[in-house]
*Asks:* 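My questions will all concern the structure given below.
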Amino acid sequence: MNTNKPIYLQIAEGLEDDVQAGRYPSDSRLPSVRDTAANSQVNVNTAMRAYEHLEREGIIYNRRGIGYFVSADAGERILAARKEQFFADEMRYFFSRLSQIGIAPDELRQLYASYLEK
């Protein structure tokens, strides 16, 4: 667990990872909130907050009395949100470091091309 992030968000990210990896395809049923709480060793309310968060984000939906299911466009939503967060947080820091140590755009382009070839 990451101590800098609320546990319910860490659980939600874990479920998002599972969706992205194909463990839960579109319209498949997620484990129950109770099962998720037990597997994560947290209170049921914490697991419920994770599911509510994912539902607000449009990643899952609830069928009353049946459970939670993966939305049809969950993968795209997760990818878009993660890209947005990456550009807002990590890239800002990355670009600042590049500027501080004097790496030019052409040099970065070459390094990235080499990385992709490996």
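Computation of the quantities below employed the complete heavy-atom set of this structure, encompassing side-chain atoms and omitting hydrogens, waters and symmetry-equivalent molecules.
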*Asks:* Among pairs that include at least one residue of residues 85-97, which meet side-chain hydrogen bond (donor to acceptor under 3.5 Å, both in side chains), considering only residues two or more places apart or in two chains?
*Replies:* Arg97-Gln100
*Asks:* Give the cluster check for Tyr8 versus Val42: same hydrophobic cluster or not, with ILVMFWY residues linked at side-chain heavy-atom distances below 4.5 Å.
*Replies:* no
*Asks:* Salt bridge (Lys or Arg N to Asp or Glu O under 4.0 Å): which pairs involve residues 26-54, sequence neighbours left out?
*Replies:* none
*Asks:* Quick check: is Leu15 connected to Leu9 through a chain of hydrophobic side chains (ILVMFWY, heavy atoms under 4.5 Å apart)?
*Replies:* no
*Asks:* Which atom names give the shortest non-hydrogen contact between Val44 and Val33, and what distance separates them?
*Replies:* O-CG1, 3.8 Å
*Asks:* Rounded to the nearest 0.5 Å, what's the gap from CD1 on Ile11 to OH on Tyr51? Could you check?
*Replies:* 9.0 Å
*Asks:* State the CG-CG distance between Leu30 and Asp18, to the nearest 0.5 angstrom.
*Replies:* 9.0 Å
*Asks:* Side-chain donor-acceptor pairs under 3.5 Å in residues 106-118, sequence neighbours left out?
*Replies:*
residue	atom	partner	partner atom	Å
Asp106	OD1	Arg109	NH1	2.5
Ser114	OG	Gln110	O	3.1

*Asks:* Nearest 0.5 angstrom please: Ile103 CD1 to Leu98 CG, how far?
*Replies:* 5.0 Å
*Asks:* Mind checking whether Phe69 and Met48 sit in one hydrophobic cluster, side chains of I, L, V, M, F, W, Y counted as touching below 4.5 Å?
*Replies:* no
*Asks:* Could you state the interatomic distance from CZ (Phe87) to CZ (Phe94), rounded to the nearest 0.5 Å?
*Replies:* 11.5 Å
*Asks:* Please report the shortest heavy-atom distance between Ala72 and Ser26, naming the atom on each side.
*Replies:* O-OG, 3.1 Å
*Asks:* Looking at residues at least two apart in the chain, or sitting in another chain, which of them share a side-chain hydrogen bond (donor to acceptor under 3.5 Å, both in side chains) with Arg63?
*Replies:* Tyr61
*Asks:* Under the side-chain hydrogen bond (donor to acceptor under 3.5 Å, both in side chains) definition, can you give me all pairs with a residue in residues 69-84, not counting sequence neighbours?
*Replies:* Glu16-Arg82, Asp17-Arg82, Asp73-Arg77
*Asks:* Return the minimal non-hydrogen interatomic distance between Asn62 and Gly67, and the atom names on each side.
*Replies:* OD1-O, 3.1 Å
*Asks:* Could you pull out the closest heavy-atom pair between Ala74 and Val19, with the gap in Å?
*Replies:* CB-CG1, 4.1 Å
*Asks:* Can any side-chain N or O of Ser99 pair as donor or acceptor with the backbone N or O of Phe95 at less than 3.5 Å?
*Replies:* no
*Asks:* With sequence neighbours left out, write down each residue that passes side-chain hydrogen bond (donor to acceptor under 3.5 Å, both in side chains) with Tyr24, or none if nothing qualifies.
*Replies:* none
*Asks:* Supply the atom-to-atom distance Ile78 CD1 to Gln20 CD, rounded to the nearest 0.5 angstrom.
*Replies:* 4.5 Å
*Asks:* Rounded to the nearest 0.5 Å, what separation is found between the CZ atom of Arg23 and the OG atom of Ser28?
*Replies:* 12.0 Å
